[in-house]
Amino acid sequence: MIKTKKQGLLIVVSGPSGCGKSTLDNLILKKRQNIVMSISDTTRSIRGEEVNGVDYNFITKEQFEENIKNDKYLEYAIVHSNKYYGTPSEFVDNKLNEGIDVILEIDIEGARKVNKKRKDAVFIFILPPSMKILKERLISRKTETKEQVIERFKTAYKEINEVSTYNYVIVNDDIETALEKMNAIITCEKCRVDRIEDVDLGNQEEIIHEILMDLK
């Protein structure tokens, strides 16, 4: 009998803005069991219908900096308007120890930091079908100014150059196909030999003896 480790998988997903990674992540959450999204801490204010503890953990700058001192983040960064964002190590570790897979959707720099701490993580990069289509997707969202779209487009070029540092790449030209590929990657990772905790096939001498007897 083959017994696999209870430990869940840490799945790091990155890709340029507009590639569809959030859509894929949400679909894989519905498709698979025992899988959750990591909930990040942030010091920015709640927007719209966001819910504390669901979309983000909204905390003060003082709390965040105290957490940094106590090494409580798997990775963190200071982004727009000097707001902090970070992945709490405790949440991730607790879920993985329960045998629950965790998806961590972060940028290239965050993925680098996670890679230094968690060599067992699975890194997936989501690519758009082409830069032309990526540009069209960014413009069609109508959530940003022309200048912001240009900036995101420039960032996308830099990010795509990092694809070789990931374990897997998925070109999101068709959402259903991309979803199947992501699901297959997770399933295959769970079949890795290093995830086998124990193999018990019974007493080898007895098994061989029984096989030989059956052949007579």
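Small disclaimer: the values here were computed from a predicted structure and weren't measured.
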- Working to the nearest 0.5 Å, report the span between CD1 of Ile103 and CG of Leu24. 9.5 Å
- Note on the structure: Taken to the nearest 0.5 Å, the spacing of Met37 CE from Asn26 CG works out to 6.5 Å
- Message: Which residue is it: Ile28, Ile186, Val102? I am looking for the one with a side chain to side chain contact (heavy atoms under 4.5 Å, CB included) to Ile11.
- Response: Ile186
- Message: Does Lys31, at its NZ atom, have more than 12 non-hydrogen atoms belonging to other residues, nucleotides or ligands within less than 6.0 Å?
- Response: no
- Task: Output all residues satisfying side chain to side chain contact (heavy atoms under 4.5 Å, CB included) with Ser164, sequence neighbours left out; order by chain, then residue number.
- Result: none
- Task: Would you kindly confirm whether Ile126 and Leu29 end up in one hydrophobic cluster when ILVMFWY residues are joined by side chain heavy atoms under 4.5 Å apart?
- Result: yes
- Is it the case that more than 12 heavy atoms not belonging to Asn82 sit under 6.0 Å from its CG atom? no
- Not counting sequence neighbours, list each pair that qualifies as a salt bridge (charged side-chain N to carboxylate O under 4.0 Å, His left out) and has a residue in residues 46-61. Arg44-Glu50
- Item | Non-hydrogen atoms of Ile108 and Phe125 that approach each other most closely | CD1-CE1, 3.4 Å
- Residues two or more places apart in sequence or in another chain: which of them pass side chain to side chain donor-acceptor pair (under 3.5 Å) with Glu159? none
- Message: So, using ring pair (Phe, Tyr, Trp, His ring centres under 6.0 Å) as the criterion, who are the partners of Tyr84 when residues are at least two apart?
- Response: Phe64
- Message: Going by salt bridge (charged side-chain N to carboxylate O under 4.0 Å, His left out), name the residues that satisfy it together with Asp101, two or more places apart in sequence or in a different chain.
- Response: Lys190
- Take Glu66 and Gln63, measure what side-chain contact (heavy atoms from CB on, under 4.5 Å) needs, and give me the verdict at the end. CA-CA 5 Å; Glu66 184 65 24; Gln63 286 176 303; 5.7 Å; no
- Stepwise side-chain contact (heavy atoms from CB on, under 4.5 Å) test for Thr165 and Phe123: CA-CA 8 Å; Thr165 64; Phe123 295 82; over 6 Å; no
- Message: Determine whether Cys19 and Asn172 satisfy the following criterion, side-chain contact (heavy atoms from CB on, under 4.5 Å), listing intermediate values before the conclusion.
- Response: CA-CA 7 Å; Cys19 70; Asn172 188 15; 5.7 Å; no
- Below 4.5 Å, heavy atoms only, C-beta onward: do Ile185 and Ile170 meet side chain to side chain? yes
- Nearest 0.5 Å please: distance from the OG atom of Ser40 over to the CD atom of Glu75. 6.5 Å
- ILVMFWY network linking Val169 to Val122, side-chain heavy atoms under 4.5 angstrom: no
- Task: Output all residues satisfying side chain to side chain contact (heavy atoms under 4.5 Å, CB included) with Asp120, sequence neighbours left out; order by chain, then residue number.
- Result: Arg118
- Task: Identify, with sequence neighbours excluded, every residue that meets salt bridge (charged side-chain N to carboxylate O under 4.0 Å, His left out) alongside Glu162.
- Result: Arg112
- Query: Hey, does the side chain of Asn52 reach the backbone of Phe58 with a donor-acceptor pair shorter than 3.5 angstrom?
  - Reply: yes
- Query: What are the two closest heavy atoms between Pro129 and Val171, and how far apart are they?
  - Reply: CA-CG1, 3.9 Å
- Please check if the side chain of Asn183 supplies one atom and the backbone of Leu179 the other of a donor-acceptor pair under 3.5 Å. no
- Item | Between Tyr76 and Asp41: side-chain donor-acceptor atoms closer than 3.5 Å | no
- Within the side chain of Thr43, is there an N or O that forms a donor-acceptor pair under 3.5 Å with the backbone of Lys83? no
- Item | Set of residues satisfying side chain to side chain contact (heavy atoms under 4.5 Å, CB included) with respect to Ser45, sequence neighbours excluded | none
- When rounded to the nearest 0.5 Å, the distance separating OG1 of Thr42 from OH of Tyr56 is 6.5 Å
- Hydrophobic side-chain clustering at under 4.5 Å (ILVMFWY, transitive links): who's grouped with Val51? Put none if nobody. Val54
- Looking at residues at least two apart in the chain, or sitting in another chain, which of them share a salt bridge (charged side-chain N to carboxylate O under 4.0 Å, His left out) with Glu189? Arg192
- Rounding to 0.5 Å, atoms CD1 (Ile68) and CD1 (Ile78) come to a distance of 6.5 Å
- Can you see which heavy atom on Asp107 is nearest to which on Tyr166, and at what distance? O-OH, 4.4 Å
- Task: For Glu65, look at atom CD and say whether over 12 heavy atoms of other residues, nucleotides or ligands are found less than 6.0 Å away.
- Result: yes
- Message: According to a hydrophobic-cluster definition based on side-chain heavy atoms being under 4.5 Å apart (Ile, Leu, Val, Met, Phe, Trp, Tyr only), do Leu96 and Val114 belong together?
- Response: yes
- Message: For Met182 and Asp25: C-alpha separation, side-chain torsions, deciding distance, then whether side-chain contact (heavy atoms from CB on, under 4.5 Å) applies.
- Response: CA-CA 9 Å; Met182 180 178 279; Asp25 289 341; 3.9 Å; yes
- In terms of hydrophobic clusters joined by side-chain contacts under 4.5 Å, are Val12 and Leu9 together? no
- Has Lys113 got more than 12 heavy atoms of other residues, nucleotides or ligands less than 6.0 Å from its NZ? yes
- Minimum heavy-atom distance Ile106-Ala111, with the two atoms named: CD1-N, 3.4 Å
- Item | Which residues share a side chain to side chain contact (heavy atoms under 4.5 Å, CB included) with Lys132, sequence neighbours left out | Ser130, Glu136
- Message: Per the salt bridge (charged side-chain N to carboxylate O under 4.0 Å, His left out) rule, what does the pair list look like for residues 164-187, sequence neighbours excluded?
- Response: none
- Message: Closer than 3.5 angstrom, by distance alone: can the side chain of Lys21 be matched with the main-chain N or O of Gly15 as a donor-acceptor pair?
- Response: yes
- Message: Return the CD1 to CD1 distance between Ile100 and Ile35, rounded to the nearest 0.5 Å.
- Response: 10.5 Å
